[in-house]
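Worksheet: one structure, shown below.
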Amino acid sequence: MNNNTDDERLNDFIRDRVEADLASKKYTSIVTRFPPEPNGYLHLGHAKSICLNFGVALENSGTCNLRFDDTNPVKEDVEYVESITEDVKWLIDGWADMVLSEKIYFASEYFEQLYEYAVQLIKDNKAYVCELRPEEWEEYRGVPEKPGKESPGRDRSSEENLDLFERMRAGEFADGEKTLRAKIDMNSPNLHMRDPVIYRIRHEEHHHAGDKWCIYPMYDFTHCLSDSIEGVSHSICTLEFEVHRPLYDWVLDNLPVSQPRPFQHEFSRLNPTYMVMSKRKLLQLVEGGHVTGWDDPRMPTIAGYRRRGFTASSIRRFCQDVGVTKYKALTDVSLLENSIRVELNKTAERRCAVLDPLEVIIDNYSDEVSEQLEAVNNPEDESAGKRMVPFGRRLFIERADFMEDPPKKFFRLGPGREVRLRYAYFITCQSFEKDDEGNIIRLRCTYDPKTHGGNAPDGRKVKGTIHWVSADHAVDAEVRLYDRLFTQEEPESQGDFLDCINPDSLNVVMGKLEPSLAELSVGERVQFERLGYFTPDPKDSASEKPVFNRIVGLRDSWAKIAKK
RNA sequence: UGUCCCGUGGUGUAAUGGUAGCACACCUGGUUUUGGUCCAGGCAGUCGGGGUUCGAAUCCCUGCGGGACAACCA
């Protein structure tokens, strides 16, 4: 279901291309790569890319390299290298882990080779040292509608350029004083082809390469050559790199790289409703304290979803459902919610928990007795078996399951009404008590002993079945109810996205849980009947003080009726 | 007002010149000891205009609409 199997063959323009390239013998084996920059945590958009790159490799018995595109030391950090590695492995585990390259690659490990390639370009009179400042370059570069102007350094001899470039490496110049540019075409309508910078000076320690370098290659020069060095066949990236493709091709076509060389293919990035997906904005959320961190369960990061309780397979399923095209799409977040519900409905055991407790006294139930009742663990999976839950005279039910003056369509408790307590008895509400402020604080009910287990021997029906926990046995737990982080479908579309942060994205309540939930360990997911799917928070939950996250709520058709 | 890319139900995506299908969402009804699940059904689409063809979502032209690009970021 979550894997790409023969009965569910994936089909998209990239896979078509891969297939054609194999058929034409352009490549004999397929190598893809996932190339994150370690400057932030991975998010759902990266998940889509991971599923594509690893999926294509998997379907073609190829390999997929995890490579850090770490050419900008000022923005990058080992913290991100570690989180990204963990997230990738978690996401592909049990699915495509066998196609992951044995070693983890770093573009920074190619710096020496890249330098040699740059030297070759200079020797071939295809690159030159430029001393224009960024502000000056803006004028030289021109605008798309008008041609640019040639840099004064453009016609320098390659001997001189070689000397200058060596001295750049040796650290003779300050940051920004000089750059190495590819000599391409100042009249190109594509700005990226107007003599792009391929090396800049940064006297900065590198998180992976150490203090070896003070010049660093730019993305456009590094990426294609890294692909080539690794023997990548299909270099798959997002649409914004489309205009870079001519440069990708230029570099590989002007250097003696091995053949067949890689080619770049672009697809549109994931853009789900009620989320922001750019690393810059996610960083803003973290640094601005709007969330508790990159792994806050409300964040659209892989770490956030993992902590919240999503399974890797549900995220993969979502990425599969979303598809791969070049169309700038807006993906309904309900697709993601559906993928986790579908899975958890089959796999999660059922438990009872009351999150907004209202006390119920069963007046005709003896105070001395406390029996155990049998409950089904998962109606979707008989092999999950059964468990015993304690019942008593004093219970908690959900406050929302009682109405003082219920409308006709309300099938739950009201004065004089009878409902079924799941797996227990039919009860009838005889009266209710209020405090001085008029809040209902207690229900007084009677039960029908003949309905033990929830069946009426006389065949009478009740419309409603509600969940409950025994007050004397209940476990107290903090429960975190998450909602979407933004109130707008497209938080980035109008003005400041921070203005539409959902003030109710987190609702913390103290719940009453059935005793078996005290033993639930991290990584286990259960359904709280009639409420949703929950899991212990991996960071904050402790056996003496459990904390639960709501992964996703159940579909709630009553909420729709109630709205009308 | 440059170059490139993209337009299929509300949303996303298939159909690779031959019956426009699937999923999500929404709406009905049925089953149900979860107002969950499940089952049955429904709503709803090829951006416009020309052309090629026996036949066009698909190929061509054109118009319209949307997007990307002007870091010494990736």
Side-chain angles (χ1 to χ4, degrees), chain A residues 11-13 16 35-37 39 69-72 74-76 130 132-134 137-138 141-148 175-181 188-194 196-202 215-216 218-220 222-223 237-246 266 268 273 279-280 321-339 341-342 345-346 350 352 375-376 379-380 409-412 419-424 426 451 453-455 461-467 489 527-532 553-562:
Chain A
N11 207 17
D12 55 64
F13 75 99
D16 286 350
E37 183 189 16
N39 67 345
D69 223 340
D70 55 349
T71 56
N72 185 3
V74 305
K75 286 191 177 173
E76 299 159 7
C130 172
L132 253 23
R133 295 291 172 159
W137 177 252
E138 208 179 309
R141 187 215 312 111
V143 291
E145 301 81 14
K146 289 191 206 106
D175 288 6
E177 208 173 301
K178 290 186 168 32
T179 57
L180 185 71
R181 291 188 181 279
S188 172
N190 183 340
L191 260 23
H192 296 278
M193 296 297 273
R194 318 246 264 228
V197 170
I198 56 177
Y199 267 90
R200 79 289 215 181
I201 301 171
R202 286 274 179 286
I215 55 171
Y216 291 95
M218 299 285 291
Y219 166 85
D220 287 301
T222 308
H223 201 94
C237 61
T238 44
L239 239 34
E240 65 271 23
F241 291 100
E242 211 159 23
V243 286
H244 294 241
R245 191 180 345 128
E266 311 87 11
S268 67
T273 54
K279 279 198 256 186
R280 206 194 94 244
D321 288 349
V322 157
V324 178
T325 64
K326 303 188 76 150
Y327 176 71
K328 189 199 181 298
L330 180 65
T331 299
D332 194 328
V333 69
S334 68
L335 214 55
L336 177 65
E337 295 172 349
N338 181 256
S339 80
R341 283 196 193 109
V342 164
N345 176 50
K346 295 288 184 219
R350 273 57 171 176
C352 285
V376 172
E380 303 290 317
K409 285 203 166 175
F410 187 80
F411 300 149
R412 287 112 89 154
V419 296
R420 175 189 295 112
L421 293 179
R422 187 122 161 107
Y423 301 125
F426 287 9
T451 58
N455 291 302
K461 303 277 187 204
V462 285
K463 269 281 185 58
T465 300
I466 65 175
H467 64 279
E489 276 203 341
Q527 183 193 105
F528 289 177
E529 291 216 28
R530 301 210 302 137
L531 297 174
L554 251 31
R555 272 172 55 188
D556 186 358
S557 56
W558 165 245
K560 286 174 199 163
I561 298 167

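Note on naming: letters A, B, ... go to the chains in the order of the sequence lines (proteins, then strands), and numbering restarts at 1 for each one.
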Donor-acceptor pair between S188(A) and N190(A) side chains, under 3.5 angstrom: no

Listed nucleotide nearest any side-chain atom of T325(A), set rA14(B), rU34(B), rC26(B): rA14(B)

Nearest-angstrom distance from the residue atom NZ of K75(A) to P of rC73(B): 7 Å

Separation of rG36(B) C1' from L554(A) CG (nearest whole Å): 4 Å

rU3(B) base / E145(A) side chain donor-acceptor hit below 3.5 Å: no

Base rG67(B) paired with E240(A) side chain (donor-acceptor, <3.5 Å): no

Partner of H467(A) under side chain to side chain donor-acceptor pair (under 3.5 Å), chosen from R422(A), R530(A), E529(A): R530(A)

Side chain of K326(A) (C-beta onward), nearest among rG12(B), rG36(B), rC5(B): rC5(B)

Sugar-phosphate only, base, or nothing, as touched by L330(A) at under 4.0 Å among non-hydrogen atoms: sugar-phosphate

Sugar-phosphate, base or nothing in reach of L132(A), heavy atoms under 4.0 Å: base

Between C1' of rA74(B) and CD1 of I198(A), the distance in whole Å: 17 Å

Closest-nucleotide ordering on RNA chain B, the 5'-leading residue of D16(A) and P379(A): D16(A)

Minimum-distance nucleotide (side-chain atoms of A329(A) versus rC69(B), rU16(B), rU13(B)): rU13(B)

Base rU37(B) paired with R555(A) side chain (donor-acceptor, <3.5 Å): no

N/O donor-acceptor pair, side chain H244(A) with base rA74(B), under 3.5 angstrom: yes

Rounded distance in Å between the P positions of rC39(B) and rA25(B): 14 Å

Per-pair stack call Y327(A) and rG7(B), 5.5 Å, 30°: no

Touch class at under 4.0 angstrom, heavy-atom based, for E380(A) against every strand present: base

Sugar-phosphate only, base, or nothing, as touched by T71(A) at under 4.0 Å among non-hydrogen atoms: sugar-phosphate

Anti versus syn assignment for rA71(B), with syn defined as within 90° of 0: syn

Interatomic distance where CZ belongs to R202(A) and C1' belongs to rA71(B) [whole Å]: 9 Å

Protein-nucleotide distance (Q527(A), atom CD; rG35(B), atom P), rounded to Å: 10 Å

Check: R341(A) side chain, rG36(B) base, donor-acceptor under 3.5 Å: no

Atom P, compared across rU52(B) and rG45(B): separation rounded to whole Å: 29 Å

Touch class at under 4.0 angstrom, heavy-atom based, for K409(A) against every strand present: base

